[in-house]
Student: 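Take a look at the following structure, please.
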Amino acid sequence: MEPISFDKLKKGVLKHCKPEGQAIQLSTVETKSIKWLHPGRIPRGKITILAGDPDVGKTFLTLDIASRVSTGTTWPDGAPNEAGNVLILSAEDDLADTIVPRLKASKANLNQILALTTVRKRTNNNELVEAVPTLTDDLDTIEKEISIHEPKLIIIDPINAYLPGVDTHRDAELRTKVFAPLKKLAEDNEIAVLCVMHLNKSNSQSAKHRVSGSIAYVAASRATWLITNDKDDHSRKLMIPVKFNIGPKPDGLAYKIIENDQKEPVIAWEADPIEIDPDEALSHENESSAPEREYAKEFLLQILDNGAVPAEDIFSEAETHDITKRTLKRAKEQLKVEAIRRYEKGKRGVQGWSWKLREEI
C-alpha cells in the first residue's frame, strides 16, 4: 500500500473543514418592534435630528422634551409618556442661568436630569485635566454615564460642537467616526439620541439638504425634524417632519414661547396637528401667490360655514375650483382651521380627518 503523503493528507482535511464565515444567517435573527420615547415621533435606540435656524426655539423645545420625560407628562399630541432619566450635553447654554431656570419653569423633575459638561483627561505630560467631551474620543465615558444613570434620552446640543477635528462636509468621515459608533450606542442602550443642528444659509436647497454640512446627518438619523418660524406669524414655531423612515410620517406640531404666571418663558403647544411641507415652510413668500391664497381662504370659510367637513371632500371640491393642495393648506394654516381625527364605529384607529373652523372666526 502506497503511503499517504503529508500534502495529500492536508488537502483531504481542508476539503472537509469549511472556513468559519462572519455573515449572519437571517433565520437566527430575533425580530423586535421599535420602542418609542414619543410614540410615532421620537424613537428609542435611534438617532433623531432637530434642525433649524438660530433663534427658533430649538433649545426651548429640547428642554420641554426633557422636562416631559423627567416627569412622565403626556406628550403635546396626547400620546402617553413614561418618566425616565435624561442626559444633556449642551455646549452653548449655561446650566445655572439658562438650562436649569428653563427646566424649573417647565416644572421638570431635576432629580432625573443630568448634564455632562466635562470629562477628565490626561495630557501628554500625564496631567489630569477637565475637558469638554467629544463624540470621537469620549464615547466610552458617555456610555459609562449611561450605564450608571440609565437615561431614556440623551440630548446633544448642538452636535457639531462635539466633533472637533472632524470634517463635517465629508460623508465617509462623519459616518465612520461619528454616526456608526453613536448609532451603536443608541441601539445597545435602547436610548433616544436627540441631536440639535443648525441649517445652512442656502435658500435654494431643499429642507433635507439645508441641514448643515453633509447629507450624512440626515442619512444617519431615523427621524429628522425641521424647526422653523411660521412665515405669517414669527412667534409661532413649527415642528415639521423632513425624514421619517421607521413608520408612517407623522403630522407636524406647532408651539409658541410664552410667559407663565411668574413671567418665565415656557412652551405652549397647539392641540391641532399641522399639515405643511418642509420645503414650503422654508421657501420665501411669493407675492404673486397672495390672490390665490385669499381665494382659497374664502373657499374654506364658505365650505366650512355649516360645520366640519371631511378633508378628502374639501380637497376634491377645491380641485374643481383650481385651488392647489399647497395653496389650500397655506390658507388652512392662516385661518387656523382645526383638523379633527375621524373615527368610524366598528373600525380600529383613525379613519381620516375633518376640518372645522374655529369658533372665533
Side-chain angles (χ1 to χ4, degrees), residues 31-52 57-58 60-86 106 151-156 183 186-187 189-197 207-208 211 217-228 237-255 267-279 281 310-312 329 332-333 338-344 347-355:
T31 61
K32 60 181 180 180
S33 58
I34 293 173
K35 293 186 177 181
W36 296 94
L37 183 77
H38 182 170
R41 296 181 187 275
I42 303 176
R44 293 179 62 177
K46 313 286 182 185
I47 299 170
T48 297
I49 287 176
L50 293 181
K58 297 190 298 295
F60 268 107
L61 175 57
T62 60
L63 295 181
D64 180 85
I65 293 170
S67 175
R68 289 173 185 274
V69 173
S70 75
T71 58
T73 301
T74 303
W75 294 105
D77 56 1
N81 185 17
E82 292 183 5
N85 287 346
V86 180
S106 61
K152 293 172 62 177
L153 167 68
I154 178 170
I155 295 169
I156 306 173
K183 176 176 174 286
E187 290 173 348
N189 296 279
E190 290 189 342
I191 187 172
V193 177
L194 192 58
C195 301
V196 177
M197 293 197 59
K208 190 178 292 186
V211 178
Y217 289 104
V218 176
S221 73
R222 299 301 87 192
T224 297
W225 293 86
L226 168 69
I227 313 301
T228 188
K237 317 297 179 183
L238 309 179
M239 179 178 174
I240 308 168
V242 174
K243 170 193 172 181
F244 204 85
N245 63 358
I246 48 174
K249 184 176 280 192
D251 296 307
L253 298 171
Y255 63 93
I267 280 186
W269 290 92
E270 291 182 11
D272 298 331
I274 59 171
E275 300 175 22
I276 183 171
D277 181 81
D279 293 336
E312 58 268 27
K329 288 180 178 181
K332 171 183 175 287
E333 288 293 317
E338 293 183 76
I340 306 165
R341 293 176 179 86
R342 196 170 69 246
Y343 300 91
E344 292 182 21
K347 294 185 178 180
R348 297 180 62 183
V350 177
Q351 299 303 307
W353 293 85
S354 292
W355 291 5

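Nothing here was measured: the structure is a model prediction, and the numbers come from that model.
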Student: Which heavy atom of Ser70 sits nearest to which heavy atom of Val86, and what is that distance?
Tutor: N-CG2, 4.5 Å

Student: If you measure from OG on Ser354 to CD1 on Ile340, what distance do you get to the nearest 0.5 Å?
Tutor: 6.5 Å

Student: Within the side chain of Lys243, is there an N or O that forms a donor-acceptor pair under 3.5 Å with the backbone of Val218?
Tutor: yes

Student: Measure the acute angle between the ring planes of Phe244 and Trp225, then classify it against the limits of 30° and 60° as parallel, tilted or perpendicular.
Tutor: perpendicular

Student: Do you know which two heavy atoms are closest between Pro39 and Pro80, and how far apart they sit?
Tutor: CD-O, 3.7 Å

Student: Would you name the heavy atoms of Leu153 and Ile191 that are closest together and state the gap between them?
Tutor: N-CG1, 3.8 Å

Student: Might you point out which heavy atoms bring Pro273 and Ala339 nearest each other, and give the distance in Å?
Tutor: CD-O, 4.1 Å

Student: Taking atom NZ of Lys35 as the centre, does the number of heavy atoms from other residues, nucleotides or ligands within less than 6.0 Å exceed 12?
Tutor: no

Student: Atom CG of Asn245 and atom OG of Ser221: how far apart are they, to the nearest 0.5 Å?
Tutor: 7.5 Å

Student: Using every non-hydrogen atom in the two residues, find where Val242 and Pro278 come nearest and quote the distance to one decimal.
Tutor: CG2-CB, 4.0 Å

Student: Within the side chain of Lys332, is there an N or O that forms a donor-acceptor pair under 3.5 Å with the backbone of Trp355?
Tutor: no

Student: When you look at NZ of Lys183, are more than 12 heavy atoms from neighbouring residues, nucleotides or ligands closer to it than 6.0 Å?
Tutor: no

Student: Passes side chain to side chain contact (heavy atoms under 4.5 Å, CB included), Met239 versus Leu50? Steps please.
Tutor: CA-CA 9 Å; Met239 179 178 174; Leu50 293 181; 4.2 Å; yes

Student: Name all residues meeting the salt bridge (charged side-chain N to carboxylate O under 4.0 Å, His left out) criterion together with Arg44; count only those two or more places apart in sequence or in a different chain, and write none if there are none.
Tutor: none

Student: Before giving the answer on side chain to side chain contact (heavy atoms under 4.5 Å, CB included), spell out for Thr73 and Ser67 the whole-Å C-alpha distance, their side-chain angles and the decisive distance to 0.1 Å.
Tutor: CA-CA 8 Å; Thr73 301; Ser67 175; 5.9 Å; no

Student: State, to 0.1 Å, how close Asp251 and Ile274 come at their nearest heavy-atom pair, and which atoms those are.
Tutor: CB-O, 3.9 Å

Student: Distance check, rounded to the nearest 0.5 Å: Glu333 atom CD versus Asp272 atom CG?
Tutor: 9.5 Å

Student: Using the side-chain contact (heavy atoms from CB on, under 4.5 Å) rule, pick out the option among Arg68, Glu270, Arg41 that qualifies with Pro76.
Tutor: Arg68

Student: Start with the C-alpha gap between Ile154 and Asn189, add the side-chain angles, then the distance that decides, and say whether side chain to side chain contact (heavy atoms under 4.5 Å, CB included) holds.
Tutor: CA-CA 11 Å; Ile154 178 170; Asn189 296 279; over 6 Å; no

Student: Can you sort out the partners of Arg222 under salt bridge (charged side-chain N to carboxylate O under 4.0 Å, His left out), two or more places apart, ordered by chain and number?
Tutor: none

Student: Trp75: what forms a ring pair (Phe, Tyr, Trp, His ring centres under 6.0 Å) with it, not counting sequence neighbours?
Tutor: His38

